[in-house]
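Bear in mind the structure is a predicted one, so any value in this text is a computation, not a measurement. Residue numbers start from 1 in every chain, and the chains themselves are labelled A, B, ... in the order their sequence lines are given, proteins ahead of strands.
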Amino acid sequence: MQYKLIWELIKKDWAEAYKSRQVLLMTTVAPFLLGVGLPAFILIIMGSVPLDSLDNDLKIFLQLLPAVTPDWNFLSERAKGLILFSIFGQLFLLLIPVMIGSYVSADTIIGEKERQTIEGLFLLPLTDLEILIAKVGVSFIPIIGLTWLMSLLYAGIVDLVLITHLDRILLPDIRFILLVLFFTPLLGLASITVTVLVSSRVSTVRDAQQITGILLIPAMLLVIGQMIIILINTWLIIIGTIILLVFDLLTLKISLTFFNREKLVTST
Amino acid sequence: MPLAIETIHLTKIYLPNILALNDLSLGIKEGTIFGLLGPNGAGKTTTIRLLTTLISPTTGQAVVNGFRLDSEQIKVRRTVGVQTDSPNLYLRLSAKQNLLFSAKMYGLTHEEAVKRIKELTRQFKLEDRLENAVGSYSRGMKQKLGIIKAIIHEPSILFLDEPTASLDPIAQREVRTMIIQLAKEYNKTIIMASHNLPEVEKITDQIGVISSGRLIALGSPIELRSMLGQEDKLVIQSSIDLSPFKEVLTVLNGVKNVLLTPDSSKIILELNDYYENTPSIVEELVKHNVPILSVMQQKESLESIYAEIMSINGEKNNAV
C-alpha cells in the first residue's frame, strides 16, 4: 500500500474541495449552526424557563422513560427534562457527518469526472483500492475532526447549562464517548460509502448528491426516529456501532467490486 | 535498438459491439517519434488509452517499457507521461499546486519537484503565472501546462494527443523542438496523435495510419511514399528556356516522365530513383551549357500521402 501517495491525493483533494465556497460552508458554518448552535439554543431556553411551564406531555414522557443516568430517580423534573434535551441535541451531531460525508465525497469522486480530470487520476500509479481509500479519507478525516470538535463544544455547553441543576457534569459519560468516538464516525462513513457506490453510476455531482439524499434521508429519518431510544442505552449504541461497521465494510467491498475505471473513463 | 512498445494482436471491443481497435500488432523502437494518424473515431484515442492502462484490451497483449499491460499496470503508469485532449488539470488549484501534486505522485521529493517546475515553466514561459488558478489560464496556457505535467517525472514514453492544437506559432515551434530534443538527446519515445500533418511530417520518424480500428499503413514518411509509388520528383530551374532539352532528358536512363512549367524555366522529372538518377541528368544539362539556377527535390506532402492511403482504404472497404 502506497500510503504516502494516498496522503498526497487526499491533500490535493482537500486543497481543491475547499476552494469551493459551498464545500467550505457545508463543512464549517453549517455543522456549527446545526450541530452546536441550535441544540445549545434549545438547551439554554429550556434551562431558563419557569418550572411550571414544562409541558404536561413532557412530564408524562419523563415518567415513562427508563433511568438515563444512575441518579435518575433522585433528579428534579427540570434536570430530567434538560438531560433528555441534551440527548435530543446529540441527534443533530449525528446528522452532520451524514450531510458532510455525502456532500464532500460526491464532489471529490464524481467531481473528477465532471471536471474532466478522471483520466489524469487513473493515470496515476495507484491501485483501485488506493484511490478508493484516498477518496473515502478525503471526507472521513474531516468528519472525524469535526465530530470530535463539535462534540467537545456541545459537551461543554451542556455541562455549563446543567451543572447548576445536577451539581455535577453530565458529559462525557460512557454512552456519549461511545457515540462520539465510534458510532458517529461510522455513520458518516456509511454516507461516504453509499456515495462512492452511487458515484460509479452517475455523471454529475448533483446527480450523486440527489440520489444519495434520496437513499440516505429516509433511512436516516427512520434510524433517527428510533435514536432517542438507542441514545439512552449504552448496549444499543454498541450494537448499532457493530451493525454500522459491518454495513461500512460491506459497502466498501461492493464499491471496490463495482469500481470500473473503463466505465468511468469512457462514459460521458 | 530495443522496443519501447510492442503490441500483439491488440483488440478492443466496447460493449455492446463496437470494434474500436482491430488486431493491432506493431513495435516502436526506443527514441522514436511515432505519429499516429487517422480520422476522428478511427481508434487513436483507444490505442493511447490501452497503452496507458486507462482501459483494458478485449484480446491481445502489449508490452510498454518492458512491462505487460495486463499484469504490470502500475509499473507502466510510472514510466509513461500522457497529455490528453481534455485538460486533466485541477482548475481550482494553481499551476504550481497541479505540478507539485503530479511530481510527488511520481516519487519526486518536494525540492526536486520545485526545481523541475522552475526549469520547465521557464522553458514554456509560464513562470510568471505559476501561482494563478489554472481556471484563469487561456486554452494555450492550459495546453502548455498539460505538456509540462506529462513530462515532469521524465517518463521514458510520452503520449501526446494533439500537442500543439491550441498553441500560437512560436509555442508550437517550442513544443516541436522539445519533442525532438526529448527523443534525440534523451532517447525518450514519443507517441503523437495529430491531425496536423505538416507537423507530423516534420518531426516523426515513423507513422501509423489507423482507420476504423485497423492499422492500414505503417512506416517512415519516405517508406509510405514509396509504398504508394509516389517517388520524389526532381525540379531543375534555369535562366533560359528549357523546352529544347525536354527530348534529350526524356531518353536518359531512369527518367520516367518530363514536364515543363508554362514559362519553360523549370523542368520537372519523374525518376526511377531520385538519388541514383539525379547526377547524370545534371551532368547532361551542364554538357549542353545550360545555366542551372537550382536543383530541388520535390516531395509529395504527407497530406497527399495520407489522402491517398485513406482513399485506397475506402476503395478496399467498398470492394469488400
If I take atom [atom1] from residue [X] and atom [atom2] from residue [Y], how far apart are they, to the nearest 0.5 angstrom?
X: B:R78; Y: A:L123; atom1: CZ; atom2: CG; value: 14.0 Å
X: B:M105; Y: A:E8; atom1: CE; atom2: CD; value: 7.5 Å
X: A:N260; Y: B:I55; atom1: CG; atom2: CD1; value: 11.0 Å
X: B:L54; Y: A:E119; atom1: CG; atom2: CD; value: 5.0 Å

*asked:* Counting heavy-atom pairs closer than 4.5 Å to chain A, which one of B:K12, B:K75, B:Q73 comes out on top?
replied: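 Sorted descending by pairs with chain A, the first entry is B:K12.
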Exercise for review: Return the option, out of B:T53, B:L93, B:T52, with the maximum number of heavy-atom pairs under 4.5 Å with chain A.
Suggested key: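 Among the listed options, the one with the most contacts to chain A is B:L93.
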Are [X] and [Y] side-chain neighbours, meaning at least one heavy-atom pair lies under 4.5 Å?
X: A:Q116; Y: B:N88; answer: no
X: A:K19; Y: B:Q97; answer: yes
X: A:T127; Y: B:I74; answer: yes

> Given that the side chain runs from C-beta out, which part of B:T45 has a heavy atom under 4.5 Å from chain A: side chain, backbone, both or neither?
Replying inline: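 For B:T45, neither part sits under 4.5 Å from chain A.
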key: Engaged part of B:F101 at the chain A interface, taking heavy atoms whose separation is under 4.5 Å   =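 It is the side chain, since no backbone atom gets that close.
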Is there a donor-acceptor contact under 3.5 Å from the side chain of B:R77 to the main chain of A:L126?
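Checked: pair present.
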Practice prompt. Could you tell me whether a side-chain N or O of B:R92 sits under 3.5 Å from a main-chain N or O of A:E16, the two making a donor and an acceptor?
Written response: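 Such a contact is found between B:R92 side chain and A:E16 backbone.
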Atom [atom1] of residue position [X] - does it have more than 12 heavy atoms of other residues, nucleotides or ligands inside 6.0 Å?
X: B:K96; atom1: NZ; answer: no
X: B:Y106; atom1: OH; answer: yes
X: A:F258; atom1: CZ; answer: no

Could you go through A:T117 and B:L89, starting from their C-alpha distance and side-chain angles, then the distance that decides it, and tell me whether this counts as side-chain contact (heavy atoms from CB on, under 4.5 Å)? CA-CA 6 Å; A:T117 52; B:L89 296 165; 5.8 Å; no
Quiz prompt | Salt bridge present between B:R49 and A:E262 (N-O < 4.0 angstrom) | solution =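 No, B:R49 and A:E262 are not salt-bridged.
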| query | Relative to chain B, which segment of A:L264 carries a heavy atom at a distance below 4.5 Å: side chain, backbone, both, or neither? | reply |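 Neither the backbone nor the side chain of A:L264 comes within 4.5 Å of chain B.
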